[in-house]
Asks: 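Sending over a structure as structure tokens; questions will come in a sec.
Throughout, residue positions are numbered sequentially from 1 according to the sequence presented. Values below: all heavy atoms of this structure, side chains included; hydrogens, waters and symmetry mates excluded.
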Amino acid sequence: MNTSPIAFLKGHGTENDFVIVPDPDNALDLPASAVARLCDRRAGIGGDGLLHVVRSAAHPEAKAMAGEAEWFMDYRNGDGSIAEMCGNGVRVFAGYLERAGLVDEGDLAVATRGGIKKVHIAKGGEITVSMGRALLPEAGVTVSVDGRSWPARNVNMGNPHAVAFVADLEHAGELRSVPPFSPAEVYPDGVNIEFVVDRGPAHVAMRVHERGAGETRSCGTGACAVAVAAARRDGVDPSVTGTPATYTVDLPGGTLVITEYPDGEIEMTGPAVIVAEGVIDPSLLTV
């Protein structure tokens with residue numbers, strides 16, 4: 001058993017916060033129970049999720065991507081479960097790599113379970129992530145909270161989302177537990193659920209229940225899903241118009257700018273902040 005202190009950092013992207021564990025050689029065993037303890041806000045460090053920083057060549061899930069992306073974001077939800085992608089997490093992951101001197105400002109490729117993500121690190125801290133293309137499955141669900149129900153648009157950003165447009169964000173309720181949705185078989189592995197209101201032309205605000213984490217202050221893939229759903233609701237499809245569509249998305253933790261291009265590629269721009277670093281007592285990683 002490892003008895004040496006384990007380095008960590010703490011960071012956030014529009015207040016979606018993460019425990020960052022650098023482990024280039026994939027030497028650490030991080031069972032779900034240990035990740036949940038680290039992310040616990042009372043008994044651990046606290047975070048919506050954990051960013052395990054590993055060289056792609058050292059991780060069995062990322063070896064095939066090592067030729068295109070040196071670094072793999074092994075992302076875990078706050079409950080310890082594995083997730084395909086996290087948009088805010090990619091920005092914070094890139095921000096850590098730049099801070100640690102492992103990459104320079106400019107363009108960067110990051111391997112994730114949702115594929116390789118292209119990142120641009122600008123001077124001043126803003127980071128743009130190419131989030132890939134949205135899939136729009138036909139099957140949707142109805143989301144219900146406190147006697148109100150709304151149809152929710154099915155958007156997949158490498159992870160599943162259900163986007164519901166509501167009159168008031170308070171209608172989303174407490175969002176600590178998963179808002180009921182049906183039919184359940186549309187999302188057999190769970191879903192991130194976004195509640196959205198309009199703030200102005202191409203400007204929306206949202207709250208989100210993230211699968212495995214509860215309500216979070218921000219969700220990058222969720223903001224992308226919301227922008228795409230809002231554009232289609234507004235009759236805007238860049239693949240048809242040939243013109244990029246940009247939406248401003250306000251979240252409880254800040255603002256993200258989402259642009260969808262005619263080829264379907266989606267870019268997300270926002271901040272990444274590293275707030276602390278220290279060491280973990282290795283006993284927290286024991287099962």
Asks: Indicate whether any N or O donor in one side chain lies under 3.5 Å from an N or O acceptor in the other, for D234 and Y247.
Replies: yes

Asks: Give a yes or no on whether the backbone of L284 and the side-chain of R37 come within a donor-acceptor separation of less than 3.5 Å.
Replies: yes

Asks: For the pair E70 and R55, find out whether any cationic side-chain nitrogen is under 4.0 Å from an anionic carboxylate oxygen.
Replies: yes

Asks: For R176 and H209, indicate whether the former's side chain and the latter's backbone hold a donor-acceptor pair under 3.5 Å.
Replies: no

Asks: Looking at every non-hydrogen atom in both residues, tell me the closest pair between P271 and T255 and how far apart they are.
Replies: CD-O, 4.4 Å

Asks: I121, F72: one ILVMFWY side-chain cluster at the under-4.5 Å cut-off?
Replies: no

Asks: Say whether, by atom type as modelled, one donor and one acceptor occur between the side chain of R207 and the main chain of G173 under 3.5 angstrom.
Replies: yes

Asks: Do R113 and Y75 meet the cation-pi criteria used here (NZ or CZ under 6.0 Å from the six-membered ring centre, within 45° of the axis)?
Replies: no

Asks: Donor-acceptor pair, N192 side chain versus P160 backbone, under 3.5 Å?
Replies: yes

Asks: Counting C-beta onward and ignoring hydrogens, is there a side-chain heavy-atom pair between V197 and F165 closer than 4.5 Å?
Replies: no

Asks: Side chains of E126 and T269: any donor to acceptor distance under 3.5 Å?
Replies: no

Asks: May I ask you to test the Y96-P22 pair for a side-chain heavy-atom distance under 4.5 Å?
Replies: yes

Asks: Using 30° and 60° as the class limits, which term best fits the ring planes of H171 and W150: parallel, tilted or perpendicular?
Replies: parallel

Asks: Would D189 and Y187 count as a side chain to side chain contact (heavy atoms under 4.5 Å, CB included) here? Give the steps.
Replies: CA-CA 5 Å; D189 299 318; Y187 298 109; over 6 Å; no

Asks: How far apart are the C-alpha atoms of H161 and C219, what are their side-chain angles, what is the distance that settles it, and do they pass the side chain to side chain contact (heavy atoms under 4.5 Å, CB included) test?
Replies: CA-CA 11 Å; H161 296 268; C219 175; 4.2 Å; yes

Asks: How far apart are the closest heavy atoms of T259 and P244, and which atoms are they?
Replies: CG2-CB, 4.0 Å

Asks: For S239, is there any backbone N or O sitting under 3.5 Å from a side-chain donor or acceptor partner on D237?
Replies: yes

Asks: For residues 40-54, which residue pairs pass the side chain to side chain donor-acceptor pair (under 3.5 Å) check, not counting sequence neighbours?
Replies: N16-D48, D17-R41, D23-H52, R41-D48, H52-D74

Asks: I'd like to know if R232 and E260 make a salt bridge, using a cut-off of under 4.0 Å between side-chain N and carboxylate O.
Replies: yes

Asks: Looking at D79 and R211, is there a salt bridge between them, counting it only when a charged N and a carboxylate O are closer than 4.0 Å?
Replies: no

Asks: I'd like to know if the side chain of R133 reaches the main chain of D263, judged simply by a donor and an acceptor atom lying under 3.5 Å from each other, with no hydrogens or angles considered.
Replies: yes

Asks: Looking at G115, is its backbone amide N or carbonyl O close enough to the side chain of T112 to form a donor-acceptor pair, meaning the two atoms are under 3.5 Å apart?
Replies: yes

Asks: Could you tell me if the side chain of M85 sits less than 4.5 Å from the side chain of K117, heavy atoms only?
Replies: yes

Asks: So does M65 get a backbone contact from the side chain of S56, meaning a donor-acceptor N/O pair under 3.5 Å?
Replies: no

Asks: V129 and side chain to side chain contact (heavy atoms under 4.5 Å, CB included): which partner among E267, K118, M268?
Replies: M268

Asks: Could you go through the salt bridge (charged side-chain N to carboxylate O under 4.0 Å, His left out) check for E210 and R217 one step at a time?
Replies: CA-CA 10 Å; E210 282 200 68; R217 300 285 293 170; over 6 Å; no

Asks: Mind listing the closest non-hydrogen atom pair of I20 and K10 along with its distance?
Replies: CD1-C, 4.3 Å

Asks: Please name the residue in the list V155, V196, L251, T221 that meets the side chain to side chain contact (heavy atoms under 4.5 Å, CB included) test with V226.
Replies: V196

Asks: Evaluate the side chain to side chain contact (heavy atoms under 4.5 Å, CB included) criterion for residues E138 and N154: first the C-alpha distance (whole Å), next the side-chain angles of each, then the deciding distance (0.1 Å), finally the verdict.
Replies: CA-CA 7 Å; E138 290 187 8; N154 189 339; over 6 Å; no

Asks: Is V273 reachable from L256 through a run of hydrophobic residues whose side-chain heavy atoms are each under 4.5 Å from the next?
Replies: no

Asks: May I ask you to decide if T243's main-chain N or O and T241's side chain share a donor-acceptor pair within less than 3.5 Å?
Replies: yes

Asks: Quick one: do E105 and K123 satisfy side chain to side chain contact (heavy atoms under 4.5 Å, CB included)? Show the steps, please.
Replies: CA-CA 7 Å; E105 292 175 349; K123 291 183 178 179; 3.0 Å; yes

Asks: Does V92 reach the side chain of H12, with side-chain heavy atoms less than 4.5 Å apart?
Replies: no

